[in-house]
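Every heavy atom of this structure was used, including side-chain atoms; hydrogens, water molecules and symmetry mates were not.
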Amino acid sequence: LRECNNVPIGKPCSPADIAAPYGQIGLEDLNAWLQDTAQGRLSADMPVGDDECGDGLLDLFDINRFVELYSAGCSGE
């Protein structure tokens, strides 16, 4: 279970895999990330490098990083 800033995420295949069904990246993840970002939830704070948690800020880095991770998909997809 990946947990950042006390926000349980589940068992994602990627930091961008934040919504069920886990193990694949799809529109559910995009919608959940956009909602979390709009509501200021730290679950939208994307990881920096190999660290599983973000830096505690919601900023332009998180947008860029989410797009990178979302575009990369899950390993094996």
Side-chain angles (χ1 to χ4, degrees):
L1 187 65
R2 181 181 150 222
E3 192 168 314
C4 296
N5 302 308
N6 297 319
V7 179
I9 307 274
K11 294 184 179 181
C13 64
S14 160
D17 187 12
I18 60 173
Y22 297 109
Q24 61 186 21
I25 294 186
L27 289 178
E28 298 87 357
D29 301 301
L30 176 60
N31 288 332
W33 186 81
L34 289 171
Q35 288 177 356
D36 289 351
T37 300
Q39 295 178 8
R41 293 185 189 138
L42 289 178
S43 54
D45 188 17
M46 291 288 102
V48 179
D50 293 333
D51 187 7
E52 284 199 18
C53 294
D55 58 7
L57 302 170
L58 295 177
D59 52 23
L60 290 176
F61 169 81
D62 298 304
I63 296 170
N64 290 332
R65 186 72 173 135
F66 180 81
V67 170
E68 287 175 1
L69 295 167
Y70 185 89
S71 297
C74 293
S75 50
E77 261 193 343

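Among residues two or more places apart in sequence or in another chain, the salt bridge (Lys or Arg N to Asp or Glu O under 4.0 Å) test is passed with Asp29 by none. Evaluation of the side-chain contact (heavy atoms from CB on, under 4.5 Å) rule for Asp55 yields Asp45, Val48, Leu57, Asp59 as partners, not counting sequence neighbours.
Taking every heavy atom of both residues into account, Gln24 and Cys13 meet most closely at N-SG, 4.0 Å. Between Asp36 and Ser43, the shortest heavy-atom distance links the atoms OD2-OG, 2.7 Å. When every heavy atom of Ala44 is checked against every heavy atom of Asp62, the shortest pair comes out as O-CB, 3.9 Å. The minimum heavy-atom distance between Pro15 and Leu69, with the atom names listed, is CB-CD1, 3.7 Å. Shown here for Ala19 and Glu28, the closest heavy-atom pair between the two residues is CB-O, 3.6 Å. Heavy-atom minimum distance, Ser14 versus Gly73: CB-O, 4.2 Å.
Put simply, Leu60 and Val67 are part of two different groups of oily side chains (I, L, V, M, F, W, Y) that touch within less than 4.5 Å, one to the next. Residues Leu34 and Ile18 are members of one and the same hydrophobic cluster, defined by side-chain heavy-atom contacts under 4.5 angstrom among Ile, Leu, Val, Met, Phe, Trp and Tyr.
Taking 4.5 Å as the limit, some side-chain heavy atom of Trp33 sits within range of a side-chain heavy atom of Ile63.
To the nearest 0.5 angstrom, Phe61 atom CZ is 7.0 Å from Glu68 atom CD.
Using modelled atom types, no side-chain atom of Asp17 and backbone atom of Ile25 make a donor-acceptor pair closer than 3.5 Å.
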